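Read the numbers this way: they start at 1 and go in the same order the structure lists the ligands and their atoms. Every value quoted in this text rests on a predicted model; they were computed, and no experiment measured them.
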Amino acid sequence: MIRLSQLSLQYALPHTTIHVLRSVDLHVQAGQSVALVGPSGSGKSSLLLLLAGLERPSAGEVTVDGVGLDGLDADRLADLRRDILGIVFQQFHLLPSLTALENVAVPLQIAGHDDAFARAREQLAHVGLAERADHYPAQLSGGEQQRVAIARATVHRPRLLLADEPTGNLDEETGAHVQDLLFDLQRRSGTTLFLVTHDPALAARCDRVFRLHEGRLQETTPAQATA
Ligand SMILES: Nc1ncnc2c1ncn2[C@@H]1O[C@H](COP(=O)(O)OP(=O)(O)OP(=O)(O)O)[C@@H](O)[C@H]1O
Ligand SMILES: [Mg+2]
């Protein structure tokens, strides 16, 4: 589902160059769950953006579901994201002028699903927000916004879910509930999960754990994933 070969990313700033990723290789089978851990600033979010085709690598290749992202123009990348990807961004990126329900339903509706609003309502209920469907993002707490973002990213049962700290703002009980939702999706829809997390409990539930440190990616064990 994911293949990275010799992937490098650097940002050129006026007085220095930041080497975020140095020749990273990774192969993730369809249906696996993967946790990505590593210190703040190690490049976890950047790697997620590369996987989503929202950032272009400095060198190397990203292949998602057998498709090399390098050869795709912006329209084809948008098609790919709509059809097979779900993304939960670290800063959520909800549309402020749409209600929670609309944030979840509109992408589905654009993708041509007649039952978009019914499915969106159901998915909001799954993340415990049935009562908040008609509220705008500014009226919701950080954790509530995060759950709307998770509902939006999972409602179409994507083949690959990319999530940046999906339980980062949630209390223990809500976080556990959201974890169950993610692993249910993996089990029932065969969704590949790629989760950036600082939460050892979440990493421990994943099939594989990788640590990013000084631009290199290393496979580790869930027990060691406490960064
Ligand atoms: N657009 C950009 N221009 C320049 N530098 C950037 C840019 N985006 C990220 N960086 C730098 O790249 C490095 C990796 O950032 P990234 O956001 O991927 O880290 P992270 O592992 O997700 O951290 P956190 O755990 O704090 O979210 C950081 O040093 C950051 O300052
Ligand atoms: Mg980040």
Enumerated ligand 1 atoms positioned under 4.0 Å from heavy atoms of Gly43: 14 (C), 16 (P), 18 (O), 19 (O), 20 (P), 21 (O)
For His198, atoms of ligand 1 separated by under 4.0 Å from a heavy atom: 25 (O)
Could you tell me the residue and atom name of the protein heavy atom closest to atom 27 (O) of ligand 1, and the distance to it rounded to 0.1 Å? Gln90 NE2, 2.9 Å
Among all protein heavy atoms in this structure, tell me which lies nearest to atom 14 (C) of ligand 1, with the distance rounded to 0.1 Å. Gly41 O, 3.4 Å
Using non-hydrogen atoms of the residue, decide whether Glu165 is closer than 4.0 angstrom to ligand 1. no
Specify the protein heavy atom at minimum distance from atom 26 (O) of ligand 1: its residue, its atom name, and the distance to 0.1 Å. Ser40 OG, 2.6 Å
Please state which protein non-hydrogen atom is closest to atom 31 (O) of ligand 1 and give its distance, to 0.1 Å? Ile18 CD1, 4.6 Å
To check your reading of the model: name the closest protein heavy atom to atom 18 (O) of ligand 1, its residue, and the distance in Å. Ser46 OG, 2.6 Å
Test salt bridge (charged side-chain N to carboxylate O under 4.0 Å, His left out) on Asp180 and Arg187; report intermediate values, then the result. CA-CA 10 Å; Asp180 290 344; Arg187 208 168 35 244; over 6 Å; no
Gly38: heavy atom below 4.0 Å from ligand 1, yes or no? no
How far is atom 9 (C) of ligand 1 from the closest protein heavy atom, and which atom is that? Tyr11 CE1, 3.5 Å
Which of the atoms in ligand 1, numbered in the order shown and given with their element, are less than 4.0 Å from a heavy-atom of Leu13? 4 (C)
For atom 25 (O) of ligand 1, what's the nearest protein heavy-atom neighbour? Residue, atom name and distance, please. Lys44 NZ, 2.7 Å
Look at atom 12 (O) of ligand 1 and say which protein heavy atom is nearest, naming residue and atom and giving the distance to 0.1 Å. Val20 CG2, 3.4 Å
With respect to atom 17 (O) of ligand 1, which of Ser45, Ser42, Ala12 exhibits the smallest heavy-atom separation? Ser45
With heavy-atom distances below 4.0 Å as the criterion, list the atoms of ligand 1 near Pro39. 21 (O)
